Protein chains: 2
Amino acid sequence: MAEKVTIATVARHARVSRQTVSNVLNSPHIVRQETRQRVEDAINALGYRANQAARQMRTGRSRLIAARIDPTRDGINGSVLDRFLHGLTETADAAGYRVLLYTATDDDREIATYGDLLGTYELDAFVLVGTKYGDPRTEWLADRDVPFVTFGRPWDALDAHPWVDVDGAAGTAQATRRLLEAGHRRIAFLGWPVGSGVGDDRRAGWRDALRAAGVDPTGLHRETEDGIAEGERLMRDLLVTVAPSAVVCASDSLALGALQAIRGVDPPVSVIGFDDTPVAAAVGLTSVSQPLGEAAARCVDLLTGVLDGAHETPTPVLLQPSLALRHTA
Amino acid sequence: MAEKVTIATVARHARVSRQTVSNVLNSPHIVRQETRQRVEDAINALGYRANQAARQMRTGRSRLIAARIDPTRDGINGSVLDRFLHGLTETADAAGYRVLLYTATDDDREIATYGDLLGTYELDAFVLVGTKYGDPRTEWLADRDVPFVTFGRPWDALDAHPWVDVDGAAGTAQATRRLLEAGHRRIAFLGWPVGSGVGDDRRAGWRDALRAAGVDPTGLHRETEDGIAEGERLMRDLLVTVAPSAVVCASDSLALGALQAIRGVDPPVSVIGFDDTPVAAAVGLTSVSQPLGEAAARCVDLLTGVLDGAHETPTPVLLQPSLALRHTA
DNA sequence: TCCAGAAACTTGAACGATCCAATCCTGCCT
DNA sequence: AGGCAGGATTGGATCGTTCAAGTTTCTGGA
């Protein structure tokens, strides 16, 4: 392989000092146009690339962002993370950052990993996907002034740290309104137990949309842990007790269960899921779709804002989901 | 925040020189037990972590492995990559490496990215998922002696470079044998156009298993691009022309299409898919399951083998898939 | 023409780890 | 007691970049 090209090689080739080359790269405006051109030509001719390790040593910044990759849980929601990570990588790249993966089995280990990543790699920032009430991870990071963004609101204190989220309530409300417009009145909701921020939010969207249309939502909802079997069980219960003509679900897993429960029921019950997962696309399930690429991009925006300048806490971003229409509603 | 802990801090604390600390970290065997213990205690007490940038500058090695994250293609196969990446991150971590993500829209850009990653981050190795005949990427990497492993065989030259793969033929053969044991004779195959290594391999497994059982596979297979709609179309064709009692598919997408085509057909046609994606689990589709975590682990093994020592090209690894039994077969 | 001040560029030092070569012990043998 | 071999330890140089301070060149006004 060719000789290693360093800043000194470029300097020699352009007949300037190392520092001038460095200035061309980092503060071009203080270099005379003619000199700058000469240096840039040399950089291109030699194929020079600034060595990140050396730069990092001096500046203390790695231009690396960490993101966690989960073991695919129930499998269905896996692809959400997948798409988000792709968007993150793409946008971060454009902003001059790279994405480093890590995993952890529980919060304690995850925090230990933070320490490791910060200590050995001097990571610039973290992106956390999903947070819960009183999340120890965000607390740890905030205590140490480590820049981070969460994809998912901090439900207990909306101004605790920068975040990007998708308006779940708006999504379920939109789904509900669509069903109302189609003439449905008895629109049920299948969701998660009270207490999870995301779940409560999605249920609220459905409830408020019904109320706005003058329909009383009382008794029309059921709660359970996520899962296809659970969804099927609760949907059967709903069919017997309140006989809804349509149902909005907090996830595609629940919606899939609901679909199985209503098989053969006539007239057909409309079903709308949440997350627009591949499964939904595969079975033709109408589902609320999150703009994941956009969410990832905004996460990077917030981070670069914090990293490259402004000390003020950036404004949180709340994105609007859309409805992926298929044939179940 | 606390004072930065460097190797000098540890040395002072343990009353030894920097070099001794370095030796404890890199060649523990040459340090006297008692001294080593004292240094290790100091490391723990101070929470010291070797700065990777400084280490990298001297050694030229980053302990970073690059992996590509694709835009989720048809969505269904996304989770395969997801699970593989998770496994990769986990195993690499255990081996002291970290996984860096990159994306690219085509081969040229991907190769440009290699140059960038190698130049600026001095990446130690690449993991490529899926290769095609005469892949320009592997060629580029091999030309420059950049260590890399592919998950997927180099179909044109099996000893071209280290690889890990799952025996697709064994998977379809196993699926076929299961159907044979269940009494099926007219077992069709839904696959991809001739010319893709993976597709041809999977078809061969089905064909050979049929022949071994004395069944003539002629006319029992159909080829198409991947996709649910395509699968449905071809399955309808098969039903009309050869009326199979079971079908083995090259992917879950095709299998899903097949499932839709056979809805209402009596007696029910058995279907087996490939990849054991979340969709398969969701709809109860029996599917060939690839040991993705294991595959990722072996990729890391091969890489660390190349990176940490032996100059000889390591032996490729061919893993056996298993059958995830559900209610479609 | 001369000089102050700004702009442009150059030089030396530092970041934190590892490698190399030289020195210091320590115990052992004669 | 002296010498020696061997392992353990030390100091200095180095990786490629940026920062801080120093030097030269340019510009414009008196």
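If you're wondering where the values come from, they're calculated on a predicted model, not measured in any experiment. Lettering follows sequence order; numbering is per chain, from 1.
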Approximate separation, where rounding is to 0.5 Å, of B:Phe151 CZ and B:Leu128 CG: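 Spacing of CZ (B:Phe151) from CG (B:Leu128) equals 12.5 Å.
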
Rounded to whole angstroms, how far apart are [atom1] on [X] and [atom2] on [N]?
X: B:Ile30; N: C:dT18; atom1: CD1; atom2: C1'; answer: 12 Å
X: A:Gln52; N: D:dT17; atom1: CD; atom2: C1'; answer: 10 Å
X: A:Arg36; N: C:dC9; atom1: CZ; atom2: P; answer: 10 Å
X: B:Arg55; N: D:dG16; atom1: CZ; atom2: C1'; answer: 18 Å
X: B:Arg18; N: D:dT10; atom1: CZ; atom2: P; answer: 10 Å
X: A:Glu122; N: D:dT17; atom1: CD; atom2: P; answer: 17 Å
X: B:Leu25; N: C:dG16; atom1: CG; atom2: C1'; answer: 13 Å
X: B:Tyr48; N: C:dA17; atom1: OH; atom2: C1'; answer: 7 Å

Can you confirm whether more than 12 heavy atoms, excluding those of A:Glu34, are under 6.0 Å from its CD atom?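 Atom CD in A:Glu34 is not packed in, count stays at 12 or less.
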
Any side-chain N or O of [X] below 4.0 angstrom from OP1/OP2 of [N]?
X: B:Ser17; N: D:dG11; answer: no
X: A:Thr20; N: C:dA8; answer: no
X: B:Arg32; N: D:dA8; answer: no
X: B:Tyr121; N: D:dG16; answer: no
X: A:Asn26; N: D:dT18; answer: yes
X: B:Thr35; N: D:dT9; answer: yes

Taking NZ, NE, NH1 and NH2 as the nitrogens, is one of them in A:Asp106 or A:Arg109 under 4.0 Å from a carboxylate oxygen of the other?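 Yes.
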
Electrostatic pair A:Asp116:B:Arg98 at N-O distance under 4.0 angstrom: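 Answer for the salt bridge query: yes.
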
Can you say whether a donor on the side chain of [X] sits under 3.5 Å from an acceptor on the base of [N], or the other way round?
X: B:Arg58; N: D:dG16; answer: no
X: B:Gln19; N: C:dC19; answer: yes
X: A:Arg49; N: D:dG16; answer: no

By the 4.0 Å heavy-atom rule, please label A:Ala50 as base, sugar-phosphate, or nothing.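 Here A:Ala50 touches the backbone only, sparing every base.
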
Base, sugar-phosphate, or nothing for B:Thr6, non-hydrogen atoms under 4.0 angstrom?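 Sugar-phosphate, backbone atoms only, no base.
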
Per [X] side chain, nearest of listed nucleotides [options]:
X: A:Met57; options: C:dC9, C:dC15, C:dT18; result: C:dC15
X: B:Asn51; options: C:dT10, C:dA17, D:dG16; result: C:dA17
X: B:Asn23; options: C:dA17, C:dC19, D:dT9; result: D:dT9
X: A:Ser22; options: D:dT18, D:dT9, C:dC9; result: D:dT18

Ring-plane angle category for B:Tyr102 and B:Phe126, please: parallel below 30°, perpendicular beyond 60°, tilted otherwise.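 Taking B:Phe126 first and then B:Tyr102, their aromatic rings stand perpendicular (interplane angle over 60°).
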
Start with the C-alpha distance between A:Arg153 and A:Leu318, add both sets of side-chain angles, then the distance that settles side-chain contact (heavy atoms from CB on, under 4.5 Å), and finish with yes or no. CA-CA 9 Å; A:Arg153 272 161 277 187; A:Leu318 189 60; 3.9 Å; yes

